[in-house]
Asker: 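If you scroll down you'll find the structure; I have some questions about it.
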Amino acid sequence: QVQLVESGGGSVQAGGSLRLSCAASGRTFSGWTMGWFRQAPGKERKLVAVINWSAGNTYYADSMRGRFTISRDNAKNMVYLQMNSLKPEDTAVYYCAGGSSPSHAGPYDYWGQGTQVTVSS
């Protein structure tokens, strides 16, 4: 059974940083594209950042570029999202996702349960 488990969420003041982690288990994610998404209350889930298997290519939503960094450790089946200069509008549930499509748009086959990030002003 494939599982993606996020961790690292929490509460932080504006301008602070958090590092989210996603642990993948149940199969090898060799060749898979991994991404982070977020969903704020009352809003649609949106793509945050994506990284391809070799970590040679990354994609960021415009509002995150320059503040967030996605990375992965394939040997450990881990994906990370370093978030700096956090803003109140970054408050959301953050989800890890994995898919076999090379496109950052997906589709994504597996999803984690999400981790809450709350940024106070």
Side-chain angles (χ1 to χ4, degrees):
Q1 182 178 356
V2 175
Q3 273 195 315
L4 299 178
V5 180
E6 303 94 337
S7 61
S11 297
V12 65
Q13 289 191 328
S17 298
L18 283 174
R19 188 194 193 206
L20 305 184
S21 299
C22 173
S25 62
R27 62 155 290 163
T28 176
F29 282 80
S30 174
W32 279 45
T33 298
M34 300 298 293
W36 287 96
F37 291 75
R38 72 185 187 185
Q39 187 167 19
K43 296 187 177 180
E44 293 184 349
R45 186 166 55 190
K46 293 185 177 181
L47 185 147
V48 173
V50 176
I51 188 166
N52 72 337
W53 161 247
S54 66
N57 289 322
T58 56
Y59 173 90
Y60 296 92
D62 287 343
S63 61
M64 285 63 135
R65 193 172 294 117
R67 299 189 298 125
F68 292 7
T69 303
I70 189 171
S71 61
R72 66 191 294 169
D73 184 336
N74 291 331
K76 296 181 179 179
N77 268 1
M78 295 290 296
V79 181
Y80 307 98
L81 184 68
Q82 177 67 43
M83 305 186 295
N84 299 326
S85 302
L86 283 163
K87 305 174 182 180
E89 50 264 43
D90 293 319
T91 295
V93 177
Y94 283 72
Y95 297 91
C96 175
S100 56
S101 170
S103 170
H104 70 270
Y108 290 87
D109 303 280
Y110 299 103
W111 294 84
Q113 83 290 349
T115 185
Q116 176 71 47
V117 171
T118 302
V119 184
S120 58
S121 57

Asker: Sequence neighbours left out, what pairs pass disulfide bond (SG atoms under 2.5 Å apart) with at least one residue falling in residues 47-86?
Answerer: none
Asker: Would a distance-only check, ignoring hydrogens and angles, find a side-chain to backbone donor-acceptor pair under 3.5 Å from Asn52 to Asn57?
Answerer: yes
Asker: Can you check whether Trp53 reaches Asn74 side chain to side chain, under 4.5 Å on heavy atoms?
Answerer: yes
Asker: Any donor-acceptor pair under 3.5 Å linking the side chain of Glu6 with the backbone of Gln113?
Answerer: yes
Asker: Indicate yes or no for a side-chain donor-acceptor contact from Arg67 to the backbone of Ser85 under 3.5 Å, with no hydrogens or angles considered.
Answerer: yes
Asker: Nearest 0.5 angstrom please: Arg19 CZ to Ser7 OG, how far?
Answerer: 9.5 Å
Asker: Going hydrophobic residue to hydrophobic residue with side-chain gaps under 4.5 angstrom, can you get from Val2 over to Met34?
Answerer: yes
Asker: Any non-hydrogen side-chain atom of Leu47 less than 4.5 Å from a side-chain atom of His104?
Answerer: yes
Asker: I'd like to know if the side chain of Arg65 and the backbone of Tyr60 have a donor-acceptor N/O pair within less than 3.5 Å.
Answerer: yes
Asker: Do Val93 and Thr115 touch side chain to side chain, with heavy atoms closer than 4.5 Å?
Answerer: no
Asker: Tell me, which pairs form a ring pair (Phe, Tyr, Trp, His ring centres under 6.0 Å) where one or both residues lie in residues 68-99, sequence neighbours left out?
Answerer: none
Asker: Hey, does Gln82 have a side-chain heavy atom less than 4.5 Å from the side chain of Ser71?
Answerer: no
Asker: Pair Asp109, Ser100 - check side-chain contact (heavy atoms from CB on, under 4.5 Å), show working.
Answerer: CA-CA 7 Å; Asp109 303 280; Ser100 56; 3.7 Å; yes
Asker: Think Arg72 forms a cation-pi with Trp32, using NZ or CZ under 6.0 Å from the six-ring centre and within 45 degrees of its axis?
Answerer: no
Asker: Give a yes or no on whether the backbone of Ser101 and the side-chain of Thr33 come within a donor-acceptor separation of less than 3.5 Å.
Answerer: yes
Asker: Would you check if there is a donor-acceptor pair between the side chains of Asn84 and Ser17 at a distance under 3.5 Å?
Answerer: yes
Asker: How long is the gap from CE on Met64 to NZ on Lys46, to the nearest 0.5 Å?
Answerer: 8.0 Å
Asker: Please identify which of these residues, Val117, Thr118, Leu18, meets the side chain to side chain contact (heavy atoms under 4.5 Å, CB included) condition with Ser11.
Answerer: Thr118
Asker: Could you give the distance from CZ (Arg45) to CZ (Arg38), rounded to the nearest 0.5 Å?
Answerer: 14.0 Å
Asker: For residues 49-121, which residue pairs qualify under disulfide bond (SG atoms under 2.5 Å apart), counting only residues two or more places apart or in two chains?
Answerer: Cys22-Cys96
Asker: Please say yes or no: joined through hydrophobic side-chain contacts below 4.5 Å, possibly via intermediate residues, are Leu81 and Tyr59 part of one cluster?
Answerer: no
Asker: Linking I/L/V/M/F/W/Y whenever any side-chain heavy atoms sit under 4.5 Å apart, do Phe37 and Met83 land together?
Answerer: no
Asker: Check the pair Asp90 / Lys87 against salt bridge (charged side-chain N to carboxylate O under 4.0 Å, His left out), numbers first and verdict last.
Answerer: CA-CA 5 Å; Asp90 293 319; Lys87 305 174 182 180; over 6 Å; no
Asker: For a quick test of reading the model, state the closest non-hydrogen atom pair linking Met78 to Ser21 and the distance between them.
Answerer: CE-CB, 3.8 Å
Asker: Please check if Leu20 and Val50 belong to a single hydrophobic cluster, counting links between Ile, Leu, Val, Met, Phe, Trp and Tyr side chain heavy atoms closer than 4.5 Å.
Answerer: no
Asker: Minimum heavy-atom separation for Ala24 to Leu4, with atom names?
Answerer: CB-CD2, 3.5 Å
Asker: Measuring from Trp36:CH2 to Ile51:CD1, what's the distance to the nearest 0.5 Å?
Answerer: 12.0 Å
